[in-house]
Amino acid sequence: MRQVTKIELDDALPVLEAGRRKADEIGVKQTLCVVDNGGNVVALHRLPGARLTGVDIAIAKAFTAAGHERATHLFNEAPGGPALPGNEAFGISHMLPGKFAVFVGGFPLKINDEIVGGVGISGGNGEQDKAVGAAMVEAFAEVVERSFTTV
């Protein structure tokens, strides 16, 4: 038997708020998604003016980060990105069409090195999506710290 820590809506909302603040700060209209460790959407926010296509893209990035336990940009970072042509994971994105994203904007969420979910960001360029993702991951760390601090 094993205990599993799950992300709930109250955990996800401050993460979305942090992502929105960062997106507003850098002037990018993005879609932000938080999933649990099963890749199920817990919360999604499409900022005003963000592209309609960002919804499915943000979900896929969050799903991939949670399910494959790594930031999505690591699939393509050169040299040796495993999803680049000629490398061991080339074509992996075709295994789960529409659900698996191997480009910038997906980050796993961890508690004590255990994957408990992921975030996906869509709408900016790679650096912008990374910046918003970093803000969301940092906000999650703060949520975890508050949750596990005893009074």
Side-chain angles (χ1 to χ4, degrees), residues 1-77 81-83 89 92-93 95-151:
M1 192 80 55
R2 180 172 182 244
Q3 278 190 319
V4 178
T5 303
K6 293 196 62 106
I7 295 175
E8 296 179 341
L9 182 60
D10 287 341
D11 307 317
L13 291 176
V15 174
L16 289 181
E17 289 169 17
R20 183 175 187 160
R21 276 193 308 274
K22 187 64 173 180
D24 287 345
E25 176 188 313
I26 63 176
V28 182
K29 298 170 184 166
Q30 294 181 307
T31 300
L32 314 168
C33 180
V34 179
V35 300
D36 64 17
N37 60 347
N40 303 297
V41 174
V42 175
L44 180 105
H45 187 67
R46 183 172 158 232
L47 298 176
R51 293 183 206 101
L52 178 62
T53 54
V55 172
D56 287 333
I57 294 168
I59 292 170
K61 290 177 179 185
F63 172 87
T64 303
H68 220 69
E69 304 180 355
R70 69 170 76 174
T72 56
H73 63 273
L74 297 178
F75 284 100
N76 288 313
E77 283 189 344
I92 194 170
S93 60
M95 294 303 300
L96 297 167
K99 290 188 80 170
F100 205 93
V102 293
F103 44 91
V104 177
F107 301 87
L109 298 176
K110 299 179 183 182
I111 297 176
N112 298 327
D113 292 326
E114 179 182 350
I115 302 293
V116 296
V119 295
I121 303 93
S122 179
N125 63 35
E127 291 306 311
Q128 292 166 328
D129 286 356
K130 279 184 178 180
V132 172
M136 293 173 76
V137 169
E138 183 178 323
F140 180 72
E142 292 169 6
V143 167
V144 170
E145 186 175 322
R146 284 192 305 272
S147 296
F148 288 98
T149 301
T150 56
V151 178

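Every heavy atom of this structure was used, including side-chain atoms; hydrogens, water molecules and symmetry mates were not. Residue indices begin at 1 and follow the sequence shown.
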Side-chain donor-acceptor distances from residues 20-34 under 3.5 Å, at least two apart:
residue	atom	partner	partner atom	Å
Arg20	NH1	His45	NE2	3.2
Lys22	NZ	Glu25	OE2	3.0
Gln30	NE2	Asp129	OD1	2.6

Checklist line | Least distance between heavy atoms, Ile121 atom then Met136 atom | finding: CG1-SD, 3.7 Å

Notebook entry, point to check: Between Ala135 and Ala18, which heavy-atom pair has the shortest distance, and what is it?
Noted result: O-CB, 3.8 Å

Check: Under a 4.5 Å cut-off applied to non-hydrogen side-chain atoms, are Val42 and Glu8 in contact?
Finding: no

Margin query: With side-chain contact (heavy atoms from CB on, under 4.5 Å) as the criterion, how do Val144 and Lys110 come out once you've worked through the C-alpha distance, each side chain's angles and the decisive distance to 0.1 Å?
Written below: CA-CA 9 Å; Val144 170; Lys110 299 179 183 182; over 6 Å; no

Checklist line | Point-to-point distance, once rounded to the nearest 0.5 Å, from NZ of Lys6 to CG of Asp11 | finding: 11.5 Å

Checklist line | Ser122 to Ile57 - nearest heavy-atom pair and separation | finding: OG-CG2, 3.4 Å

Next item on the list: Might you work through the side-chain contact (heavy atoms from CB on, under 4.5 Å) test for Val104 and Lys61, ending with a clear yes or no?
Entry: CA-CA 8 Å; Val104 177; Lys61 290 177 179 185; 5.6 Å; no

Next item on the list: Please report the C-alpha distance between Val35 and Val41 in whole Å, then the side-chain angles of each, then the deciding distance to 0.1 Å, and finally whether the side-chain contact (heavy atoms from CB on, under 4.5 Å) criterion is met.
Entry: CA-CA 4 Å; Val35 300; Val41 174; 4.3 Å; yes

Next item on the list: Heavy atoms only: give me the nearest Ala65-Thr72 pair and the separation to one decimal.
Entry: N-CG2, 4.1 Å

Notebook entry, point to check: Roughly how far apart are Asp36 CG and Leu9 CG, rounded to 0.5 Å?
Noted result: 12.0 Å

Checklist line | Gap between atom CG of Leu109 and atom OG1 of Thr5 - 0.5 Å precision | finding: 12.5 Å

Check: What distance do Asp56 atom CG and Thr53 atom OG1 have between them, rounded to the nearest 0.5 Å?
Finding: 8.5 Å

Margin query: To check you understand the geometry: which heavy-atom pair defines the closest contact between Ala43 and Leu16, and what is its length?
Written below: CB-CD1, 3.5 Å

Next item on the list: Under the side-chain contact (heavy atoms from CB on, under 4.5 Å) rule, what do His73 and Phe107 come out as? Steps first, then yes or no, please.
Entry: CA-CA 9 Å; His73 63 273; Phe107 301 87; 3.8 Å; yes

Could you list the donor-acceptor pairs under 3.5 angstrom formed by side chains in residues 113-120, with sequence neighbours left out?
residue	atom	partner	partner atom	Å
Glu114	OE2	Arg2	NH2	3.2

